[in-house]
Number of protein chains: 2
Amino acid sequence: MTSTRQLFTQNNLRCTTQRIALFDTLCACKSHPTAEELFGMVKPAMNSLSLATVYNTLDALCEAGLAKKLPTSKGTCRYDADMSEHLHVRFQDTGEIRDVPMDLSRKLLDHLPKGVLIEIERDLGIHIDGINIQLSGRKANGIS
Amino acid sequence: MTSTRQLFTQNNLRCTTQRIALFDTLCACKSHPTAEELFGMVKPAMNSLSLATVYNTLDALCEAGLAKKLPTSKGTCRYDADMSEHLHVRFQDTGEIRDVPMDLSRKLLDHLPKGVLIEIERDLGIHIDGINIQLSGRKANGIS
DNA sequence: GTACGTGCAAAATGTTTGCATCATT
DNA sequence: AATGATGCAAACATTTTGCACGTAC
């Protein structure tokens with residue numbers, strides 16, 4: 001089991017109390033909080049915490065490859081510390097983002113035709129670094 | 001050939017000079033401009049145009065299903081009047097978004113396993129309304 | 001004529017920055 | 001001790017809002 005401190009050290013990140021608390025909270029979080037939401041979660045346990053630190057930390061984590069910034073249509077960005085390739089569902093009403101479970105994500109990602117991706121790279125003269133799939137969803141009607 | 005006026009009328013949108021100019025410009029646009037960029041394109045030909053109107057119009061167009069707001073990781077939103085299902089490439093350095101040509105988009109979308117999508121709907125208790133695929137790309141090194 | 005859109009300026013939101021202080025290495 | 005992170009407030013960028021006026025229906 002790798003501790004957060006080890007992980008940070010391996011990635012040249014200083015182990016400050018704030019960063020560790022923020023990262024651990026983000027990891028424990030099923031939702032994909034905005035900076036403000038994450039701030040709200042950690043602040044009670046760390047009264048001196050500043051919102052600027054949350055932004056700085058999230059930037060540093062993304063930079064180091066320990067978190068991902070998720071694109072959203074609303075004005076706010078959301079963050080995800082689960083770096084495994086997986087899909088997201090974005091709820092149209094709330095803007096909330098949820099994970100598609102690993103096994104289902106894999107099933108879908110494994111079915112992507114690699115040949116087409118290579119064609120796209122050639123056609124556009126680009127190199128593809130990542131694939132981001134977001135499903136737009138709403139809670140199904142009827143018995144939930 | 002459907003004129004913009006017809007299209008607007010069919011969708012219960014008032015045909016104001018501003019809306020028509022904005023929509024036509026957005027349609028003619030290969031890039032996926034931000035509100036500000038679109039404003040910059042139309043303003044010269046329509047000096048009275050206000051940025052608030054651009055935002056209002058883009059909202060109305062999205063609401064009516066004539067345009068789409070594209071999620072981005074940067075702070076700004078981008079807009080697309082091409083409502084056919086197609087993929088996007090997001091350039092990591094500039095934040096710019098470009099279309100993957102229709103035929104290649106189709107090839108990839110047609111290969112998505114429908115069964116897995118249904119499994120996802122069942123598993124999460126949701127209804128999937130749309131699939132948004134963004135490739136992260138950078139210009140390929142070497143001979144372009 | 002009425003309902004709705006526009007333009008303007010001001011406000012609300014989300015994020016970044018500069019700088020003095022403090023903690024980690 | 002030196003480097004880099006924090007906290008604060010102010011700056012900045014983007015989007016939304018309120019209201020008087022104008023335009024489409």
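Note on naming: letters A, B, ... go to the chains in the order of the sequence lines (proteins, then strands), and numbering restarts at 1 for each one. The figures that follow rest on heavy atoms only: side chains count, while hydrogens, waters and symmetry mates do not.
Scanning both residues, A:A64 and A:N11, for their nearest heavy atoms gives O-OD1, 3.6 Å.
Boundaries of the chain B contact region on DNA chain D are D:dT14 to D:dC25, first to last in 5' to 3' order (nucleotide atom under 4.0 Å from a heavy atom).
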Donor-acceptor list for residues 35-42 of chain B side chains, cut-off 3.5 Å, not counting sequence neighbours:
{"residue": "B:E37", "atom": "OE1", "partner": "B:T34", "partner atom": "N", "Å": "3.1"}
{"residue": "B:E37", "atom": "OE1", "partner": "B:R78", "partner atom": "NH1", "Å": "3.3"}

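Membership of the apolar cluster around A:I97 extends to A:L70, as traced through chained side-chain contacts below 4.5 Å between ILVMFWY residues.
Contacts with DNA chain C (heavy atom under 4.0 Å) in residues 40-49 of chain B: B:S48, B:L49, listed by number.
The number of heavy atoms from other shown groups lying within 6.0 Å of NZ (B:K107) does not exceed 12.
Remark: A:D99 does not engage A:K30 in a salt bridge, criterion side-chain N to carboxylate O under 4.0 Å.
Counting only heavy atoms from C-beta outward, the side chains of B:R138 and A:I128 never approach each other to under 4.5 Å. Side chains of B:M83 and B:L66 form no contact here, defined as non-hydrogen atoms less than 4.5 Å apart.
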Next item on the list: May I have the step-by-step check of side-chain contact (heavy atoms from CB on, under 4.5 Å) for B:K68 and B:Y79, ending in yes or no?
Entry: CA-CA 6 Å; B:K68 237 188 282 190; B:Y79 294 86; over 6 Å; no

Next item on the list: Kindly indicate, with the supporting measurements, whether the criterion side-chain contact (heavy atoms from CB on, under 4.5 Å) is fulfilled by B:Q10 and B:L7.
Entry: CA-CA 5 Å; B:Q10 280 162 24; B:L7 194 61; 4.3 Å; yes

Next item on the list: Mark up nucleotides 10-25 of chain C, 5' to 3', with B wherever a protein heavy atom is under 4.0 angstrom from a base atom, S wherever such an atom reaches only the sugar-phosphate, and - elsewhere.
Entry: ----SBBB-----BBS

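From one end of the helix from C:dG1-D:dC25 to C:dT25-D:dA1 to the other, with five pairs defining each end axis, the axis direction shifts by 40° (rounded to 10°).
Judged by a 6.0 Å distance limit and a 45° cone about the ring axis, A:K139 is positioned over the six-membered ring of A:F91.
Under the 30°/60° scheme for interplanar angles, the aromatic rings of B:H32 and B:H88 are found to stand perpendicular.
No side-chain donor-acceptor contact under 3.5 Å links A:D129 and B:S136.
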